[in-house]
Student: 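Sharing a structure, written as structure tokens. Questions coming.
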Amino acid sequence: MSNKLWAWAGALLAGVLSLSFVSAYADTVSEVSKFGANPGHLRMFRYRPDALSVPAPLVVVLHGCQQSAADYARQAGWVQQADRWGFLLLLPEQQKANNGQRCFNWFRPESTGRDQGEAGSIRRMIAQMQADNPIDPRRIFVAGLSAGGAMTAVLLADYPDLFAGGAIVAGVPYGCASGLTSALRCQLWGRDLEPSEWGDFVRQATAEIEPKPKTWPLVSIWQGDSDWVVDPANARELLEQWTTLHGFDPSAGVEEVGKGYSHRIYRDTAGRPAVEIYRISGMGHGQPIDPGPGETQCGIPADYILPVGICASDRIVRFWGLAP
């Protein structure tokens with residue numbers, strides 16, 4: 001690979017992608033300056049809707065590279081969902097001092113261990129939210145786009161005893177990379193492993209948790225089939241990782257084809273949804289939105305926030321059981 005291409009790839013990757021920065025902050029998002037130990041040196045923001053359920057679900061929302069926490073939450077429709085359904089948002093934000101592209105460092109072992117680095121900072125933010133608000137401990141969720149999606153996979157692997165579910169949008173499987181070079185390979189070309197190998201990465205991450213989690217988090221996976229930043233093969237490997245943990249055959253599941261997308265869902269023996277995957281036809285790299293006033297619509301178009309006729313944040317909260 002030429003030096004020029006390496007330079008381009010490094011700038012593109014730096015966490016999993018480079019997104020254009022939009023400066024407008026949602027006025028209703030506030031910063032929490034003190035939340036205890038902060039080993040990953042992240043900033044903490046939060047959003048509390050006027051009508052809050054009690055006890056309230058909590059959704060942790062992780063932005064992509066060069067995005068701000070508040071802009072991503074607003075543009076992707078997460079603020080709308082919080083207002084509609086009465087849950088709290090925790091919005092961690094990366095700093096340039098940690099990563100020049102403001103990407104979460106999902107590929108650095110020192111940033112992703114349980115209670116270490118950036119993962120440890122986010123865990124401490126959750127504890128602060130629990131101290132400050134009436135949060136239902138059984139309904140804590142995490143979702144993210146791209147670098148934030150890859151960090152979502154990290155948090156689900158590190159804390160299956162904490163999170164009831166997660167959503168990974170244009171992300172990368174947990175354990176795929178352990179440094180910048182391997183992260184670049186995972187991002188641009190993917191990594192083909194057996195489902196059991198992917199599952200073992202997560203099992204190793206949870207080996208020291210006591211007591212052992214009785215269930216695995218619900219996982220929603222989203223991917224555009226024309227993504228030029230994160231190879232769509234990563235969605236297949238993510239599906240293999242989480243279906244094998246739940247005990248499903250990755251080739252099974254019930255599939256539906258909608259306008260511009262396909263959706264496959266896996267249910268447990270009681271018929272409850274456990275894992276799902278959406279593949280969006282012709283969509284590039286970004287978060288699917290469907291702007292409009294309807295109850296199932298959401299979002300504000302922006303760079304990597306793509307109006308493709310389906311609102312991912314709406315579908316995700318329904319999959320988690322936070323909305324009818």
Side-chain angles (χ1 to χ4, degrees), residues 35-40 42 44 46 55-62 87-92 104 106 109-144 148-168 171 173-176 195-196 198-221 238-248 266-270 272-276 316-317 319-322:
F35 52 89
N38 186 12
L42 302 178
M44 175 182 174
R46 64 184 174 189
L58 172 66
V59 177
V60 182
V61 173
L62 302 178
F87 56 77
L88 290 156
L89 296 179
L90 166 61
L91 311 173
F104 290 104
W106 61 271
E110 65 271 20
S111 295
T112 58
R114 184 177 169 98
D115 298 336
Q116 298 176 10
E118 293 172 17
S121 291
I122 294 170
R123 178 64 185 94
R124 187 65 192 86
M125 294 177 194
I126 294 171
Q128 189 64 51
M129 291 290 288
Q130 290 176 301
D132 294 343
N133 302 277
I135 290 173
D136 185 345
R138 300 167 299 175
R139 294 193 294 169
I140 299 175
F141 301 87
V142 59
M151 184 58 83
T152 294
V154 167
L155 292 171
L156 292 174
D158 282 347
Y159 300 103
D161 52 336
L162 173 66
F163 292 107
I168 303 165
Y174 175 76
C176 191
S196 60
W198 286 121
D200 285 344
F201 284 130
V202 180
R203 294 185 188 98
Q204 291 163 11
T206 62
E208 297 182 3
I209 297 177
E210 294 294 345
K212 297 297 182 187
K214 295 181 179 179
T215 59
W216 294 104
L218 310 179
V219 178
S220 182
I221 301 162
L238 274 165
L239 181 67
E240 292 181 356
Q241 185 166 62
W242 289 100
T243 52
T244 194
L245 288 166
H246 279 273
F248 301 130
Y266 300 77
R267 298 179 182 272
D268 63 19
T269 54
R272 295 171 299 220
V275 181
E276 68 173 359
I316 291 164
V317 298
F319 172 71
W320 288 339
L322 297 185

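Scope of the values below: all heavy atoms of this structure, side chains included, with no hydrogens, waters or symmetry mates.
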Student: I'd like to check Ile140 versus Gln130 (side-chain heavy atoms, cut-off strictly below 4.5 Å). Are they in contact?
Tutor: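 Ile140 reaches Gln130 side chain to side chain.
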Student: Are the side chains of Ser111 and Phe104 in touch, meaning some heavy atoms are under 4.5 Å apart?
Tutor: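 No. Closest side-chain heavy atoms not under 4.5 Å.
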Student: Between Asp200 (side chain) and Gln204 (backbone), is there a donor-acceptor pair under 3.5 Å?
Tutor: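 No; judged by distance alone, with no hydrogens or angles, the pair does not exist.
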Student: Evaluate the ring planes of Phe163 and Tyr159, with Trp represented by its six-membered ring, and classify them as parallel (under 30°), tilted (30 to 60°) or perpendicular (over 60°).
Tutor: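 Rings of Phe163 and Tyr159: perpendicular, as their planes differ by over 60°.
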Student: Under the 3.5 angstrom rule, does the side chain of His246 hit a backbone N or O of Thr215 as a donor-acceptor pair?
Tutor: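 No; zero donor-acceptor contacts below 3.5 Å.
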Student: What is the minimum heavy-atom distance between Arg203 and Thr244, and which atoms define it?
Tutor: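 Looks like NH2-O, 4.0 Å.
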Student: Say you draw a straight line from CG of Leu89 to CG of Leu58; how long is it, rounded to the nearest 0.5 Å?
Tutor: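 That separation rounds to 8.0 Å.
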Student: Which residue is it: Val317, Leu322, Val60, Val61? I am looking for the one with a side chain to side chain contact (heavy atoms under 4.5 Å, CB included) to Phe141.
Tutor: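 The residue from Val317, Leu322, Val60, Val61 that satisfies side chain to side chain contact (heavy atoms under 4.5 Å, CB included) with Phe141 turns out to be Leu322.
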Student: Answer yes or no: is there a donor N or O on one side and an acceptor on the other, between the side chain of Asp268 and the main chain of Ala270, under 3.5 Å?
Tutor: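 At least one qualifying donor-acceptor pair exists.
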Student: Closest approach of Thr152 and Ala167, non-hydrogen atoms and distance?
Tutor: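 Scanning both residues completely, I find the closest heavy atoms to be CG2-O, 3.6 Å.
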Student: Identify the two heavy atoms, one from Thr206 and one from Pro160, that lie closest to each other, and give their separation to 0.1 Å.
Tutor: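 For Thr206 and Pro160, the tightest heavy-atom pair comes out as CG2-CG, 3.5 Å.
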Student: With side chains defined as the heavy atoms from C-beta onward, is the minimum distance between Val275 and Trp216 less than 4.5 Å?
Tutor: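 In short, these two side chains do not touch, never coming nearer than 4.5 Å.
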Student: Measure the spacing between CD of Glu118 and CG of Leu155 and express it to the nearest 0.5 Å.
Tutor: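 Result: 10.0 Å between the selected atoms.
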Student: When you compare the side chain of Arg123 with that of Leu162, does any pair of heavy atoms fall below 4.5 Å?
Tutor: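 Yes, close enough: below the 4.5 Å cut-off.
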Student: For residues Thr243 and Leu239, report the shortest heavy-atom separation together with the two atoms involved.
Tutor: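 Thr243 and Leu239 have their closest heavy atoms at OG1-O, 2.6 Å.
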Student: Can you name the closest pair of heavy atoms from Met151 and Ile122 and give their distance?
Tutor: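 The answer is CG-CD1, 4.5 Å.
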Student: What is the minimum heavy-atom distance between Trp198 and Gln241, and which atoms define it?
Tutor: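 For Trp198 and Gln241, the tightest heavy-atom pair comes out as O-NE2, 3.0 Å.
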Student: Taking NZ in Lys214 as the centre, count heavy atoms belonging to other residues, nucleotides or ligands within less than 6.0 Å. Is the count above 12?
Tutor: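 Atom NZ in Lys214 is not crowded, with 12 or fewer foreign heavy atoms closer than 6.0 Å.
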Student: By the salt bridge (Lys or Arg N to Asp or Glu O under 4.0 Å) test, which pairs, at least two apart or in different chains, include something from residues 124-139?
Tutor: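 Qualifying pairs, neighbours excluded: Arg46-Asp132, Asp136-Arg138, Asp136-Arg139.
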Student: Check each of Val154, Leu156, Ile126 against Val142 using the side chain to side chain contact (heavy atoms under 4.5 Å, CB included) test, and report the only one that passes.
Tutor: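 It is Leu156, the one option of Val154, Leu156, Ile126 that forms the side chain to side chain contact (heavy atoms under 4.5 Å, CB included) with Val142.
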Student: Could you state the interatomic distance from CG (Leu218) to CD (Glu276), rounded to the nearest 0.5 Å?
Tutor: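 Between Leu218 CG and Glu276 CD, I get 9.5 Å after rounding to 0.5 Å.
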